[in-house]
Engineer: 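One structure coming up, written as structure tokens, with questions to follow.
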Amino acid sequence: MESPVTAKATDGALANSIRALAMDAVEAAKSGHPGMPMGMAEIAVALWTRHLRHNPGNPAWPNRDRFVLSNGHGSMLLYALLHLTGYALPMEELKRFRQLGSKTPGHPEYGYAPGVETTTGPLGQGFANAVGMALAEKLLSAQFNRPGFDLVEHFTYVFMGDGCMMEGISHEAGALAGTLGLARLIAFYDDNGISIDSDKGEIAHWYTDDVPKRFAAYGWQVIPDVDGHDVEAVNRAIRKGKREKSRPTLICCKTVIAKGAPKKANTGAAHGAPLGADEVAATRAAIGWAHAPFEIPEPVKQAWDAREAGKRAEKRWTRLLDSYEKQFPSEAAEFRRRMTRELPPGFEQVVGSLLADFQQKAETVASRKASQNVLEVLKAALPELVGGSADLTGSNLTMVKASRAIAPGAVEGNHIFYGVREFGMCAMMNGIALHGGLIPYGGTFLVFSDYARNALRMAALMKIRVVYVLTHDSIGLGEDGPTHQPVEHAATLRLIPQMDVWRPCDSVETAVAWAAALRRQDGPTALLLSRQNLPFCMRESPDGVARGAYVLSDAADPRAVIIATGSEVQLALGAQKLLAQAGVPVRVVSMPSTTVFDRQGAEYRNSVLPAQVPKVAVEAGVSDYWRKYVGLEGAVVGIDRFGESAPAADVFRHFGFTPENVAAAVKKVLGEKP
């Protein structure tokens with residue numbers, strides 16, 4: 001999809017238009033990173049004018065090529081490209097770069113400027129997102145393509161720099177991409193030899209990796225020593241990458257940061273600060289850009305404009321989809337549904353039957369096993385579910401009878417063995433979700449969510465549907481000891497804005513949590529699941545579970561409320577019986593999701609937790625979080641230190657997680673002797 005290039009709109013002029021917009025926007029904002037956009041300008045020209053298949057008029061076209069700017073500090077490169085090629089990102093938004101309420105924040109953010117495929121900034125994650133997008137493309141093409149109908153067939157391109165390479169996540173995602181042979185993934189390494197702590201060459205003091213050999217060892221096709229300022233050289237490398245059918249491609253481009261700036265090119269000073277008015281003026285003269293700030297000459301505008309070419313490309317694909325629909329009507333209908341991210345029509349009936357079945361069976365079962373039982377049903381009902389685990393499949397129980405393993409040469413499956421790569425797994429899941437057509441879930445131990453935490457945060461920031469299955473959720477893990485026993489993790493996950501956290505107490509709550517996670521279109525969900533068996537809780541109806549907290553067991557005129565979650569609900573029920581025998585009626589509230597409960601109206605929240613009734617919270621985790629519910633007058637039976645290595649029952653008793661201790665806490669709050 002090539003843009004017309006006239007004598008007045010040479011490749012050099014197109015590249016210089018990026019340089020000018022980058023340094024002008026950063027200068028206007030008095031903040032930003034001009035060096036990378038100026039250094040990668042020719043690479044962008046080669047990709048965006050020669051190869052990238054996209055439609056600025058419809059940024060959500062399903063078969064568009066995906067472009068990810070992993071080195072997201074250079075956001076003005078992407079904003080310039082989106083504006084120049086015809087997206088609904090007017091020049092006024094570039095002038096408002098990094099300003100409150102603009103569509104051009106300091107790092108690209110999903111959902112603001114049209115054409116931004118993912119939020120980037122934390123280095124390396126955009127690369128991992130791109131790996132997830134490329135995997136999604138491969139999975140969907142295996143599911144939907146038919147001979148003569150390549151319905152899903154696009155490339156995923158990603159720009160990355162030294163910082164992305166240094167972050168360990170690049171190893172996790174890059175190694176798996178090579179193993180899985182994601183041939184339609186092409187990465188561009190901006191090798192400019194500069195990072196924040198360097199000036200001229202000092203990066204060699206802390207970064208001497210042989211990147212080409214490293215990626216070759218992963219199983220990538222590596223194209224080394226490409227002059228990143230030679231558009232045709234980059235173009236040839238891209239063509240070679242597109243011809244490769246069995247490996248992802250890394251194009252190693254040697255560039256000069258802030259190319260064109262007379263004094264600050266090839267220095268760390270150009271990385272994260274404005275060039276300054278004098279250097280901007282000198283750069284304009286040096287590159288022959290005799291135009292005012294934010295002014296793009298008409299021939300350059302026309303050469304960049306990709307709207308008509310994009311419209312034609314999408315029309316060709318739409319005709320293909322129409323022909324496909326005539327021969328494969330059910331597949332076409334399924335494809336359309338999946339790309340709108342809507343659940344199938346029978347989803348609610350499946351969930352209803354599942355809940356009724358669980359209610360009837362009333363099984364004592366670990367919530368991780370209950371989760372697997374839920375997935376046995378949902379996996380068959382939702383073909384878009386793609387599961388996985390970070391080398392803990394047998395412990396997380398994320399694989400079911402309907403799961404088919406994805407492996408080199410066998411990408412038509414729906415279960416990913418991520419290996420011991422928690423961070424890479426979660427960032428790849430974010431990319432899968434962003435691609436569309438699939439709902440990813442993946443498992444690890446709750447304590448190892450620390451490894452992946454920034455990817456969880458990014459999913460919440462982007463408000464995307466991803467499900468994290470985090471098992472072995474407390475000191476109930478037992479013998480493995482404090483290195484594996486989470487105590488602060490549930491609380492810290494609940495503190496992430498827009499992250500829903502569920503810690504169910506039995507099979508019914510687990511099923512409700514799964515259904516809520518899949519219905520949710522505006523954010524990720526973490527399911528915190530037990531290793532140990534949990535007794536079934538009798539309840540009149542499961543309806544209250546979906547509201548995050550509900551009265552599980554009541555008493556006439558309760559004098560106190562015990563709030564519990566997960567495996568500690570059984571302790572609350574035991575304490576209720578002991579207190580009843582002592583003539584102290586109490587209400588037991590199960591609160592599987594504090595985040596969902598907090599969104600309920602004040603009337604419902606007060607009906608569950610009456611303001612005037614003393615409260616005691618019970619959770620095998622840090623206690624401070626629960627003060628928002630019990631107040632200073634209430635009590636929390638929690639654990640504010642690390643655990644111990646011993647059988648689970650012994651550890652629970654050691655830390656006071658017994659019905660007797662909970663009952664004693666209630667009596668103390670009521671001013672009675674234990």
Side-chain angles (χ1 to χ4, degrees), residues 3-45 48-49 56 69 73-106 108 112-115 229 231 255-267 269-307:
S3 301
V5 179
T6 68
K8 294 184 179 180
T10 62
D11 288 341
L14 269 61
N16 287 336
S17 67
I18 295 173
R19 291 190 174 96
L21 288 175
M23 62 184 182
D24 289 344
V26 171
E27 197 65 29
K30 303 303 179 188
S31 172
H33 300 73
M36 187 280 272
M38 297 173 71
M40 294 194 78
E42 282 85 4
I43 303 171
V45 170
W48 281 66
T49 68
L69 190 75
H73 54 273
S75 56
M76 268 310 304
L77 175 67
L78 181 53
Y79 298 147
L81 290 166
L82 294 173
H83 168 77
L84 291 166
T85 55
Y87 286 80
L89 191 68
M91 187 66 82
E92 286 305 311
E93 292 293 340
L94 274 62
K95 292 179 180 178
R96 297 179 63 226
F97 178 52
R98 289 185 165 226
Q99 304 308 300
L100 185 64
S102 77
K103 294 182 179 180
T104 52
Y112 286 78
H229 301 300
V231 172
T255 65
V256 174
I257 194 169
K259 172 76 170 176
K263 294 182 179 179
K264 295 188 177 181
N266 199 33
T267 70
H271 171 86
L275 297 180
D278 291 344
E279 184 74 350
V280 169
T283 303
R284 277 184 149 74
I287 65 177
W289 190 259
H291 308 287
F294 298 104
E295 179 184 322
I296 304 296
E298 194 60 34
V300 173
K301 286 183 183 179
Q302 292 176 11
W304 270 118
D305 194 338
R307 288 173 291 184

Engineer: Please walk me through it: do Ile296 and Met91 pass side-chain contact (heavy atoms from CB on, under 4.5 Å)?
Structural biologist: CA-CA 10 Å; Ile296 304 296; Met91 187 66 82; 4.0 Å; yes
Engineer: Would you name the heavy atoms of Ser75 and Pro105 that are closest together and state the gap between them?
Structural biologist: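 In terms of heavy atoms, the two residues are closest at OG-O, 3.9 Å.
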Engineer: Name every donor-acceptor pair, under 3.5 Å, that has one atom in a side chain of residues 36-45 and the other anywhere in the protein, sequence neighbours excluded.
Structural biologist:
| from | atom 1 | to | atom 2 | distance (Å) |
| --- | --- | --- | --- | --- |
| Glu42 | OE1 | Arg19 | NH2 | 2.7 |
| Glu42 | OE1 | His229 | ND1 | 3.1 |
| Glu42 | OE2 | Arg19 | NH1 | 3.1 |
| Glu42 | OE2 | Arg19 | NH2 | 2.9 |

Engineer: When you compare the side chain of Leu81 with that of Ile18, does any pair of heavy atoms fall below 4.5 Å?
Structural biologist: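 When only atoms from C-beta onward are counted, Leu81 and Ile18 do touch, with a gap below 4.5 Å.
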Engineer: To the nearest 0.5 Å, what is the distance between CZ on Phe294 and CD on Glu27?
Structural biologist: 9.5 Å
Engineer: Between His271 and His73, is the side-chain contact (heavy atoms from CB on, under 4.5 Å) condition met? List the steps.
Structural biologist: CA-CA 9 Å; His271 171 86; His73 54 273; 3.5 Å; yes
Engineer: Minimum heavy-atom separation for Ala286 to Pro262, with atom names?
Structural biologist: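 Heavy atoms of Ala286 and Pro262 come nearest at CB-CG, 4.1 Å.
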Engineer: Can you tell me which residue pairs pass the side chain to side chain donor-acceptor pair (under 3.5 Å) test with a partner in residues 76-87, sequence neighbours excluded?
Structural biologist: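 Side chain to side chain donor-acceptor pair (under 3.5 Å) check on residues 76-87 returns His54-Tyr87.
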Engineer: Do the non-hydrogen side-chain atoms of Ile287 and Lys259 ever get within less than 4.5 Å of each other?
Structural biologist: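 No. Closest side-chain heavy atoms not under 4.5 Å.
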Engineer: Considering residues at least two apart in sequence or located in another chain, which fulfil the side-chain hydrogen bond (donor to acceptor under 3.5 Å, both in side chains) criterion with His33?
Structural biologist: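 In terms of side-chain hydrogen bond (donor to acceptor under 3.5 Å, both in side chains), with neighbours along the sequence ignored, His33 is linked to Arg98.
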Engineer: Mind checking whether Leu84 and Leu14 have side chains closer than 4.5 Å, heavy atoms only?
Structural biologist: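 No - every pair of side-chain heavy atoms lies 4.5 Å or more apart.
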Engineer: Does any non-hydrogen side-chain atom of Ser31 lie less than 4.5 Å from one of Phe97?
Structural biologist: no
Engineer: Kindly indicate whether the side chain of Trp289, heavy atoms from C-beta on, has any atom under 4.5 Å from the side chain of Thr283.
Structural biologist: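 Result no, sub-4.5 Å side-chain heavy-atom pair not found.
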Engineer: Run the side-chain hydrogen bond (donor to acceptor under 3.5 Å, both in side chains) test on Trp304 and Thr49 for me, step by step, so that the C-alpha distance in whole Å, both residues' side-chain angles and the decisive distance to 0.1 Å come before the verdict.
Structural biologist: CA-CA 7 Å; Trp304 270 118; Thr49 68; over 6 Å; no
Engineer: Starting at OH of Tyr112, measure out to OG1 of Thr104 and round the result to the nearest 0.5 Å.
Structural biologist: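 Between atom OH of Tyr112 and atom OG1 of Thr104 there are 11.5 Å.
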Engineer: For Ala113 and Leu89, work out which heavy atoms get closest and say how close.
Structural biologist: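 Minimum heavy-atom separation between Ala113 and Leu89: CB-CD1, 3.9 Å.
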Engineer: Less than 4.5 Å apart, side chain to side chain, heavy atoms only: is that true for His291 and Arg284?
Structural biologist: no
Engineer: For residues Val280 and Asp24, determine if any side-chain heavy atom of one lies less than 4.5 Å from a side-chain heavy atom of the other.
Structural biologist: yes
Engineer: Look only at the side chain of Ser102 and the backbone of Glu93, and say whether a donor-acceptor pair between them is shorter than 3.5 Å.
Structural biologist: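 Pair absent, no side-chain N/O of Ser102 close to backbone of Glu93.
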Engineer: Answer whether the closest heavy-atom distance between the side chains of Val300 and Asn16 falls below 4.5 Å.
Structural biologist: no
Engineer: Compare every heavy atom of Ala306 with every heavy atom of Pro56, then report the nearest pair and how far apart it is.
Structural biologist: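 Smallest interatomic distance, heavy atoms only, reads CD-O, 3.7 Å.
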Engineer: What is the distance from atom NZ of Lys103 to atom CG of Leu82, rounded to the nearest 0.5 Å?
Structural biologist: 11.5 Å
